[in-house]
Amino acid sequence: MTSLFLHADINNCYASIFRIFKPELNGVPLVVLSNNDGSIIARSQEAKDLGIQMGQPFFEAKPIIDKYQVRVYSSNYPLFHDMSTRFHRTLGTFSLHQEIYSIDEGFLDLGNFYQTNLQQYGADIKRTVWKWLGLPICVGIAPTKTLAKLANRIAKKSKKAQGVLVLNQPAHITAALKITDVGDVWGIGRQYATKLRNFGVLTAWDLANVNDAFAKKHLTIVGLRIVKELRGEACADLEIEPPAKKGICTRRSFGQPVMSLDLLQEAVATYMTRSAFKLRKQKSRCSQLSVFVETNPFNPNQAQYNNCKTIQLPVPTNSTLELVSYALTALKAIYREGYKYKKAGVLLDDISPATAMQGNIFDTIDRGKHLDLMQTLDLLSSKMGSGLVKVAKEGMEKSWKMRQDYSTPCYTTRLEDILVVR
DNA sequence: TCTGGGGTCCTAGGACCC
DNA sequence: TCTGGGGTCCTAGGACCC
């Protein structure tokens, strides 16, 4: 007996989260902006209905936003993350076999629940999340993860489904595949969709019926797995334990263009501090780092310059002090005067567990001391909030920091904000 | 004036070795 | 007179996800 997968996700996630704390937003169009307030990354249903596009630049959508008095909010990741944690915890009460797939999506492995009333079961989950958190979700249940995602998509659109769709009968699966555009299949993006349409593969049903060699040739073995999953052959299990990250990246656009090396150094030191913290959090070290800078590619009248510098470290490390020092060296190597920089970032690579420590006889750093210092730093950050203690290079003013003109309180995670709400 | 950030996996092609 | 073949490792680039 094969098993069944359940996929649940929050409808219009970020917009729905704001509505919990601002009930007056119910029924009115609202959008959430990307970091730096640059583009639109989430929309309520009303905003979608007005034709506002996902990823659309904010300034471009401004006329519609003004005309229809669409409410606008900057991203609030502490709030989103906290509500996401509660959502996944709630889902987890329904099954021990749970995958936290993304901030607003999760899978459960239902094993052999074929005897259960699955429609009822999905509806129970939906009702519980609504009751406990005030978040609207939809649920899809099917023999593979790909089909469960597809079922969920239909559940979102179909009035009849009422937010829960079970696909476990071959006839129902076929019908669902036939009404799904090939570009809406999980794993088929813009490029692949265009390619497939040129071959006359228009729906998920068409895709399920291509031959294996065709799938592998044009979509790689990843695409072949998608095809098999559409046919009901499970190729992917739940990822219950999230694997350690293989690369850790922190990059940001600046609120306004930056020209001086001093300010770029502040930004790079700040991003590296953040990356190093993430690295220690997953108990890893890295032995390669890269720093990159970019000008604004959307401004054709402006001189363009992009560059990236990668450094191999003599000994794997997770010390902020060491990593920041290397990062600033890398930055100096690629910095050129006279450009208006719009973005910078750091990437940690070549990651290994922090337990395996191989020495280097030329090592001149007292790693014991660094370790103690980093542990103290992380403890202080977790108790007092990050940013209280910092590396001097990070700077205090941060005139380059991203723009957030429409910010909201961290209702659930910041003491001052919680007190205000009460 | 204004266009996000953080990841994953796969493949092709070059370097290098025997 | 007239240039092999096979294996491995690494990297850049391209596709995808939310």
Side-chain angles (χ1 to χ4, degrees), chain A residues 7 9-14 31-42 52-63 65 72 74-77 80-81 84 87-88 99-107 145-146 149 152-153 182-196 215-226 235-236 239 242-257 271 274-275 278-279 282 288 290 292 294-302 308 310 312 340 342-351 401-406:
Chain A
H7 176 258
D9 72 346
I10 302 171
N11 305 344
N12 308 322
C13 179
Y14 298 160
V31 297
V32 182
L33 303 178
S34 63
N35 277 334
N36 219 30
D37 291 343
S39 61
I40 288 157
I41 57 161
I52 297 173
Q53 298 299 308
M54 175 71 178
Q56 193 176 16
F58 178 41
F59 71 88
E60 204 180 285
K62 200 81 176 24
I65 286 173
V72 176
S74 298
S75 288
N76 182 340
Y77 283 102
F80 299 158
H81 184 262
S84 166
F87 162 64
H88 287 297
E99 172 179 336
I100 297 173
Y101 175 68
S102 76
I103 196 158
D104 66 338
E105 292 178 52
F107 289 100
K145 288 166 88 174
T146 305
K149 284 267 287 188
N152 193 319
R153 261 197 112 260
V182 72
D184 292 331
V185 173
W186 188 30
I188 303 298
R190 277 254 281 288
Q191 309 293 326
Y192 282 171
T194 304
K195 193 187 236 184
L196 287 166
K216 183 155 185 222
K217 178 167 178 215
H218 295 290
L219 312 173
T220 80
I221 66 163
V222 178
L224 179 56
R225 278 200 290 264
I226 294 169
C235 301
E239 262 182 13
K245 304 218 181 313
K246 296 173 179 173
I248 292 176
C249 181
T250 304
R251 58 177 165 182
R252 296 273 185 288
S253 300
F254 304 132
Q256 43 199 323
Y271 303 161
R274 180 159 172 72
S275 278
K278 289 192 250 178
L279 186 66
Q282 71 163 31
Q288 181 174 301
S290 306
F292 58 88
E294 293 172 13
T295 50
N296 183 359
F298 295 102
N299 188 343
N301 303 321
Q302 179 183 300
C308 174
T310 300
Q312 301 289 335
K340 291 185 171 175
K342 183 61 182 164
K343 189 187 278 188
V346 303
L347 172 66
L348 303 181
D349 249 329
D350 218 335
I351 287 175
K401 71 170 190 262
M402 63 189 185
R403 194 156 61 210
Q404 298 232 282
D405 290 340
Y406 309 90

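Chain letters run A, B, ... following the sequence lines, proteins first, then strands; residues in each count from 1.
Summarising the geometry, the separation between NE2 on A/His218 and P on C/dC16 is reported as 15 Å, rounded to the nearest angstrom. The OH atom of A/Tyr271 sits 9 Å away from the P atom of B/dG6 (whole-angstrom rounding). The interatomic distance linking A/Arg251 (CZ) with B/dT3 (C1') rounds to 14 Å, in whole Å. Between A/Phe59 atom CZ and B/dT1 atom P there is a gap of 10 Å when expressed in whole angstrom units. Atom CZ of A/Phe80 is separated from atom C1' of B/dG5 by 13 Å (rounded to the nearest Å). One atom, CD of A/Gln404, and another, C1' of B/dG5, lie 12 Å apart when rounded to the nearest Å. Distance, A/Asn296 CG to B/dG4 P: 9 Å, rounded to whole Å. Atom CG of A/Leu224 is separated from atom P of B/dC10 by 12 Å (rounded to the nearest Å).
In this structure B/dC18 sits in a base pair with C/dG5, meeting the Watson-Crick or G-U test at under 3.5 Å.
Under 3.5 Å, the side chains of A/Asp37 and A/Ser74 contain a donor-acceptor pair of N or O atoms.
One finds no side-chain N or O of A/Lys343 lying less than 4.0 angstrom from the OP1 or OP2 phosphate oxygen of B/dT3. For B/dT3, neither phosphate oxygen OP1 nor OP2 lies less than 4.0 angstrom from any side-chain nitrogen or oxygen of A/Ser34.
At the heavy-atom level, A/Lys216 lies nowhere under 4.0 Å from the strands shown. A/Ile188 comes within contact range of the sugar-phosphate backbone alone, with a heavy-atom separation under 4.0 Å but no base atom that close.
Checking A/Pro257 against A/Arg225, the closest nucleotide of DNA chain B that is more toward the 5' end is the one next to A/Pro257. Residue whose closest nucleotide on DNA chain B sits further toward the 5' end, between A/Cys249 and A/Ile41: A/Ile41.
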* Step-by-step side-chain hydrogen bond (donor to acceptor under 3.5 Å, both in side chains) determination, A/Asp104 to A/Ser102 -> CA-CA 5 Å; A/Asp104 66 338; A/Ser102 76; 3.1 Å; yes
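A/Lys145 and A/Glu99 are joined by a salt bridge, as a carboxylate oxygen and a charged side-chain nitrogen come within less than 4.0 angstrom of each other.
Here the side chain of A/Glu105 is nearest to one of B/dT11, C/dC18, B/dG4, namely C/dC18.
Side-chain atoms of A/Arg252 stay outside donor-acceptor range of the base of B/dG4, with no qualifying N/O pair under 3.5 Å.
Within the model, atoms OG1 of A/Thr310 and CG of A/Asp349 stand 7.5 Å from one another, a figure rounded to the nearest 0.5 Å.
Taking atom C1' on both nucleotides, C/dG4 is separated from B/dC17 by 14 Å, rounded to a whole Å.
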